[in-house]
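A, B, ... follow the sequence lines: proteins, then strands. Residue 1 opens every chain.
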Amino acid sequence: MSVRVRYGPSPTGEPHVGNIRTALFDWLLARRFGGQFIVRIEDTDQSRAVAGAEALILDALRWLGLDWDEGPDIGGPFAPYRQSERLPLYIEAAERLITDGRAYRCNCTSERLDALRKSQQQAKQPPGYDGRCRGLAVADDEPHVIRLAMPSANSTVVEDYLRGPVAFQNALLDDHVLLKRDGFPTYHLASVVDDHHMDITHVIRGEEWLSSAPRHVQTYAALVWDEPVWVHIPIIRGPDKGKLSKRHGATSIRQYAAEGFLPEALLNFLALLGWSKDETTTIMSRDEITEHFSLDGLGLASAMFDIDRLRELNARYIRDLSPADFLQRGRPHLEARVGRAIDDDALASLLPIAPAIQERVKLLPEFADYTDFFFAAGPLDYDNAELMGRAYRHKPWAALESVEASLRTLRALDRSAWTATALESALRALAEQRGEKPGALFTPIRVSVTGKRVAPPLFETLETLGQRLTVERLNAAAERLARPDD
RNA sequence: GGCCCCAUCGUCUAGAGGCCUAGGACGCCAGCCUUUCAAGCUGGUAGCACGGGUUCGAAUCCCGUUGGGGCUACCA
């Protein structure tokens, strides 16, 4: 039998990294062993349903390149793939359990349950349903839930793939709800019924489910179905060591995309949170990860989501992009900055300088910081202090002299000599001739043409900008330095 | 509180009894390079939580302690 794994998000909001990492491991296992990856929407809580969440979840998977073989949008042999559309299946299973004496109807009110919980807490008893309705005949036409009759003696063993057998005392497990008053199943029933009907072979889920796994094992036993392989993977923790949540800032996948993280970087990072190929490899493409993935490489300790390491990895991925690809990915951020569309030709003009920018950009939006001045229409915004730099601090007259010297040199250059290498030798010669340190001469030029202290390498920048604009901006700078009021 | 899981540099990890004087990556520090900022190169810093066993030998196996986390809903 081939591997069949499912990702079962509940559409209650945006998918976050912890959640999507589970999907990644599901997907990797399926792809590694030529099995199927199934997306199943677990929308059994009507009160928490969020409109549009399902689309967001599918978008996140697509963005990361995790394709699915069966799902709510594309259907498949076990359709439908939304639990809200599979209600008869759950009711059928629950009814069968009642018939077999493994479940019972319960009409206890939530008030009684609350009171029960409260008194148990006060008495320092473990909380849980007391089984009042277990022997009672509750009519099926009055409001009720259906509970599983859990065994009270012995223990239930969950055979976890990663940890081996984990035993739970049955006496501590209460009769939990399978079918709610509104006719919808709980996760405990729905996941078991669907995993069985959909031939799921491996249940990969977060460790937070381990505690309820014995309930699922008991449900399989009561239904006389074969259990899947249980794989409880460690939770991802935030900087405060607790379970990663919204409190830790940007945890939704869409947020990371917006902040300029590359999907391949995030995927690489997530895969390495709890899994490793060997002792040295840290950079791996999706295909390489797929090729080497195995459940046996998974660790048991929960890992902290360290955003700094992600940033570093992202920077590495940006550097490794082809220049053309880099420009395409950076374009939207530049367009947002300058407020207009950048056409292909304009973008292509940046090709020679792109590699230098790639070395400097850690997040895609920073692309705009290194390129917006190429597309600035009016005068650049900077202080004269920046213009003068360290060397000419408080000496505007000296800075002016320097700028005017550069201007003369650059103006005199032949159009054919407007290349980074020619510009460099001309300006270096000028610095030497003037007895100036190169940095002293270059800083005012850099600020004049880019409006910034930090910019891409100067000569490539001048080449890309062109002689006309360079001269124009240097002139503007000279005028500013000549004005006494600054 | 109860139940369950986990435990190697600050972080992610390698390590399945001798290959460990504990390896790699990120970070951090120093140096080199240098037109800013980066990138790159060199070197360095830093860890087996603690205590008992088992064994000729333990980061690795067992027990306990401590610490951290998860669960404890008619949520997933």
With rounding to the nearest 0.5 angstrom, report the CZ to CG distance, R237(A) to D306(A).
12.5 Å
Is the F261(A)-Y317(A) ring centre distance short of 6.0 angstrom?
no
What is the distance, rounded to the nearest whole Å, between atom CZ of R105(A) and atom C1' of rC74(B)?
16 Å
Which base, if any, makes a Watson-Crick or G-U wobble pair with rG17(B), both distances under 3.5 Å?
none
Please check if the side chain of R360(A) supplies one atom and the backbone of A356(A) the other of a donor-acceptor pair under 3.5 Å.
yes
Please report the distance, rounded to the nearest Å, between NZ in K277(A) and C1' in rC12(B).
16 Å
Please determine if R82(A) and E54(A) form a salt bridge, counting it only when a charged side-chain N lies under 4.0 Å from a carboxylate O.
yes
Using the P atom on both, measure rC71(B) against rG52(B) and round to a whole Å.
36 Å
Determine whether more than 12 heavy atoms belonging to other residues, nucleotides or ligands lie under 6.0 Å from atom CG of D381(A).
no
Can you tell me the pairing partner of rG10(B) across any strand shown, Watson-Crick or G-U wobble, with both distances under 3.5 angstrom?
rC26(B)
What is the base-pairing partner of rC48(B), counting Watson-Crick and G-U wobble geometry with both distances under 3.5 Å?
none
Select base, sugar-phosphate, or nothing to describe what A167(A) touches, counting heavy atoms under 4.0 Å on all strands.
sugar-phosphate
Heavy-atom neighbours of R319(A) CZ exceed 12 at 6.0 Å:
yes
Measure from the side chain of D306(A), starting at C-beta and using heavy atoms only, and say which of rC6(B), rU11(B), rC4(B) lies closest.
rU11(B)
Atom OG1 in T470(A), atom CH2 in W418(A): separation rounded to 0.5 Å?
4.0 Å
Ignoring hydrogens and angles, answer whether the base of rG69(B) and the side-chain atoms of S302(A) contain a donor-acceptor pair closer than 3.5 Å.
no
B/S/- along nucleotides 32-47 of chain B (protein heavy atoms under 4.0 Å) is ---BBBBSS-------
Classify every nucleotide of nucleotides 61-67 of chain B by which part a protein heavy atom approaches to under 4.0 Å, writing B for the base, S for the sugar-phosphate alone and - for neither, in 5'-to-3' order.
-------
Can you check the distance between rC33(B) and rC19(B), where both ends of the measurement are the P atom (answer in whole Å)?
41 Å
On the nucleotide rU72(B), are OP1 or OP2 found under 4.0 Å from the side-chain N or O atoms that K124(A) carries?
no
Which one, rC4(B), rC74(B), rC6(B), comes nearest to the side chain of L210(A)?
rC4(B)
To the nearest 0.5 angstrom, please state how far the CG atom of D369(A) sits from the CG atom of L363(A).
10.5 Å
On a whole-Å scale, what distance lies between the P atoms belonging to rC5(B) and rC62(B)?
13 Å
Roughly how far apart are Y370(A) OH and Q358(A) CD, rounded to 0.5 Å?
13.0 Å
Would you mind reading off the distance between I233(A) atom CD1 and rU13(B) atom P, rounded to a whole angstrom?
12 Å
Heavy atoms only, 4.0 Å cut-off, all strands: where does P185(A) land among base, sugar-phosphate and nothing?
sugar-phosphate
Whole-angstrom distance between rA25(B) and rC9(B), as gauged at atom C1'
12 Å
Residue met sooner reading RNA chain B from 5', once P126(A) and S10(A) are mapped to nucleotides
P126(A)
Paired with rC75(B): which nucleotide, if any, by Watson-Crick or G-U wobble criteria at under 3.5 Å for both distances?
none
Contact class for G389(A) vs. all strands (heavy atom < 4.0 Å): base, sugar-phosphate, or nothing?
nothing
Here the distance between atom C1' of rA73(B) and atom CZ of R48(A), to the nearest Å, is 11 Å
Does rC33(B) have a Watson-Crick or wobble partner in any strand here, with both distances under 3.5 angstrom, and which is it?
none
Under 4.0 Å: is that the gap between some side-chain N or O of T44(A) and OP1 or OP2 of rA76(B)?
yes
CG on L28(A) to CG on L267(A), rounded to 0.5 Å:
7.0 Å
Write down the distance separating the C1' atoms in rU11(B) and rG2(B), rounded off to the nearest Å.
33 Å
For RNA chain B, whose closest nucleotide is more 5', that of E42(A) or that of T282(A)?
T282(A)
State plainly whether the residues E207(A) and R163(A) are in salt-bridge range, i.e. N to O under 4.0 Å.
yes
Output the rounded distance in Å from CG (D240(A)) to C1' (rU11(B)).
15 Å
Under-3.5 Å donor-acceptor pair between R181(A) side chain and rC74(B) base:
yes
Is the distance between the ring centroids of F305(A) and F269(A) under 6.0 Å?
yes
Gap between atoms CG and P, on L172(A) and rC5(B) respectively (whole Å):
13 Å
Between D320(A) and R316(A), does at least one N-O distance fall below 4.0 Å, as a salt bridge requires?
yes
Distance check, P atoms only: rG57(B) and rU21(B), in whole angstrom units.
16 Å
What's the verdict on side-chain hydrogen bond (donor to acceptor under 3.5 Å, both in side chains) for N107(A) and R132(A), showing C-alpha distance, side-chain angles and the deciding distance?
CA-CA 10 Å; N107(A) 62 0; R132(A) 187 196 76 131; 3.2 Å; yes
Nearest to side-chain heavy atoms of L300(A), which nucleotide of rC75(B), rC12(B), rC6(B):
rC6(B)
Nearest to the side chain of L273(A), heavy atoms from C-beta on, is which of rA76(B), rC12(B), rC5(B)?
rC12(B)
Touch class at under 4.0 angstrom, heavy-atom based, for V166(A) against every strand present
sugar-phosphate
Would you kindly give the CD1-to-P distance between I235(A) and rG68(B), to the nearest whole Å?
16 Å
Watson-Crick or G-U wobble partner of rA59(B), both distances under 3.5 Å:
none
Between CG on residue L380(A) and CZ on residue R473(A), distance to nearest 0.5 Å:
5.0 Å
Footprint string (nucleotides 14-23 of chain B, 5' to 3'): B base within contact, S backbone only, - free, heavy atoms under 4.0 Å
S--------B
From the list rC4(B), rA76(B), rU13(B), which nucleotide is the closest neighbour of the side chain of A303(A)?
rU13(B)
Taking rA30(B) as the reference, what is the distance to rA38(B) when you measure between their P atoms (whole Å, please)?
14 Å
P-based separation of rC61(B) from rC6(B) [nearest Å]:
12 Å
Between R105(A) and E95(A), is there a side-chain N and carboxylate O pair less than 4.0 Å apart?
yes
Minimum-distance nucleotide to K180(A) side chain [options: rA76(B), rC5(B), rG69(B)]
rA76(B)
Using a heavy-atom cut-off of 4.0 Å across all strands, would you classify L179(A) as base, sugar-phosphate, or nothing?
nothing
To the nearest Å, how far apart are L272(A) CG and rG24(B) C1'?
11 Å
